[in-house]
Protein chains: 2
Amino acid sequence: MAIDPRSDRPVYRQLADLLHDEISSGRMSPDSLLPSEAQLVTEYRVGREAVRQAVAVLRAEGLVRTERGIGTRVRRVVDRAPVRLRRGDTAVARMPSIHERREYDLDEGVPVIEVRRAAGEVEIHAGDRTEITS
Amino acid sequence: MAIDPRSDRPVYRQLADLLHDEISSGRMSPDSLLPSEAQLVTEYRVGREAVRQAVAVLRAEGLVRTERGIGTRVRRVVDRAPVRLRRGDTAVARMPSIHERREYDLDEGVPVIEVRRAAGEVEIHAGDRTEITS
DNA sequence: GTACATTTGTTCGTATGTATT
DNA sequence: TAATACATACGAACAAATGTA
């Protein structure tokens, strides 16, 4: 079951799937720490590179958040503030640049919603804390 | 001006900024190929690891798209189909899982828009080809 | 159709730096 | 201070996909 290095599926993807399942199944709860890189290396008998790539996949999916010196935690789901679209307004979703990520304090794997008001103004909203309504 | 390995800014971020600028300034046009990893390595005197991380940053931002055996191209901006939100509908933006990425044929760095209709149905729309309207 | 060159992907090894506990 | 944990960076080797001669 665990991980088959001879599979055609890359090791890091197999590991990402396993961890993804641990999280989405609820066996790992929000805010809880994933095993450390070193632990994953020994537990699954894979290289550190594979571990880091697997965790990077989860980060890009917005599933976890990594803090240096601490570890990787399951991201908590927060309440979403409604943003109302009026007639003539439009909204698109896109990924922020690294600089926008810092500016708006966004985790990796979190998109932004760009609202263009009919009047012309543009608003940026954090994708994980926003819900568009009509 | 190029890249300073002794800077406190990581090499791969400096390189990502340079490439980001090449693209957003228009000096690199859509569909055009970035220099190959090997070329970037020799051109900027950095390791392949730094080059790959820099390109990974651009991919995560949805700025470029990498094809194995070919190279990395600047992503083209495509037309967006409008999706109308009616009263009682809500929409959120999030990153897709790897499996959804395949299912909906999404590039890396492209979010999905999840529309929940008042009636209860859920629709998934590609973030780079969709525009929400009221 | 084959063979080869090019390009990105995967994996391992090694070393050093930085943040937190 | 020391231990733990993640980040950055270089090098190396081989695999896999693509395009071309």
Side-chain angles (χ1 to χ4, degrees), chain A residues 2-19 28 31-61 63-75 98 101-102 105 107-109, chain B residues 2-19 28 31-61 63-75 98 101-102 105 107-109:
Chain A
I3 284 183
D4 177 12
R6 292 159 319 202
S7 162
D8 52 343
R9 278 179 61 74
V11 170
Y12 79 92
R13 273 178 192 271
Q14 297 180 51
L15 179 53
D17 278 353
L18 287 179
L19 297 174
M28 296 216 65
D31 278 343
S32 67
L33 276 173
L34 266 62
S36 74
E37 291 181 352
Q39 283 176 316
L40 292 172
V41 163
T42 63
E43 183 173 342
Y44 291 99
R45 316 278 185 167
V46 297
R48 189 177 175 222
E49 188 74 12
V51 167
R52 286 184 58 75
Q53 285 204 61
V55 176
V57 166
L58 303 182
R59 267 199 306 270
E61 291 177 348
L63 224 51
V64 301
R65 157 197 175 82
T66 298
E67 291 164 283
R68 184 165 18 187
I70 300 182
T72 299
R73 292 180 191 281
V74 179
R75 289 189 65 229
I98 333 184
R101 281 239 322 275
R102 300 230 323 207
D105 190 32
D107 284 347
E108 249 183 276
Chain B
I3 284 182
D4 177 12
R6 290 157 324 202
S7 163
D8 52 343
R9 273 180 69 71
V11 170
Y12 81 92
R13 275 178 194 269
Q14 296 180 52
L15 180 52
D17 277 353
L18 287 179
L19 297 174
M28 296 215 66
D31 278 344
S32 66
L33 277 172
L34 267 62
S36 74
E37 291 180 355
Q39 283 176 316
L40 292 172
V41 163
T42 62
E43 183 172 343
Y44 291 98
R45 315 278 185 168
V46 297
R48 193 185 172 203
E49 185 81 8
V51 166
R52 285 184 59 77
Q53 283 214 62
V55 175
V57 167
L58 303 182
R59 266 199 306 271
E61 291 176 349
L63 223 53
V64 301
R65 158 197 175 81
T66 298
E67 291 163 287
R68 185 178 191 168
I70 299 184
T72 298
R73 293 179 191 281
V74 179
R75 288 190 66 230
I98 332 186
R101 282 240 321 275
R102 297 224 327 201
D105 190 31
D107 284 346
E108 247 182 276

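In what follows, every chain begins at residue 1, and chains take the letters A, B, ... in the order their sequences are listed.
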Determine yes or no for a side-chain-to-main-chain donor-acceptor pair under 3.5 angstrom, with Gln14(B) supplying the side chain and Asp4(B) the backbone.
yes

In sequence, state the C-alpha distance, the side-chain angles, and the governing distance for Leu18(A) and Tyr44(A), and then conclude on side-chain contact (heavy atoms from CB on, under 4.5 Å).
CA-CA 10 Å; Leu18(A) 287 179; Tyr44(A) 291 99; 3.7 Å; yes

Between dA19(C) (C1') and Arg65(A) (CZ): distance, integer Å:
14 Å

Rounded distance in Å - CZ (Arg73(A)) to C1' (dC6(D))
13 Å

Between atom CG in Leu15(B) and atom C1' in dA9(D), what is the gap in whole Å?
13 Å

Roughly, in whole Å, what's the span from CD in Gln14(B) to C1' in dT8(D)?
12 Å

Crowding at CZ, Arg102(A) (>12 non-hydrogen neighbours, <6.0 Å):
no

Ion pair Arg9(A)/Asp17(A), N-O distance below 4.0 Å
yes

Report, as a single string ordered 5' to 3', how protein heavy atoms within less than 4.0 Å touch nucleotides 7-13 of chain C: B base, S sugar-phosphate only, - not at all.
BBBBBS-

According to salt bridge (charged side-chain N to carboxylate O under 4.0 Å, His left out), who are the partners of Asp8(B), at least two apart in sequence or on a separate chain?
none

Salt bridge check, Arg65(A) against Glu108(A): does any charged N sit closer than 4.0 Å to a carboxylate O?
no

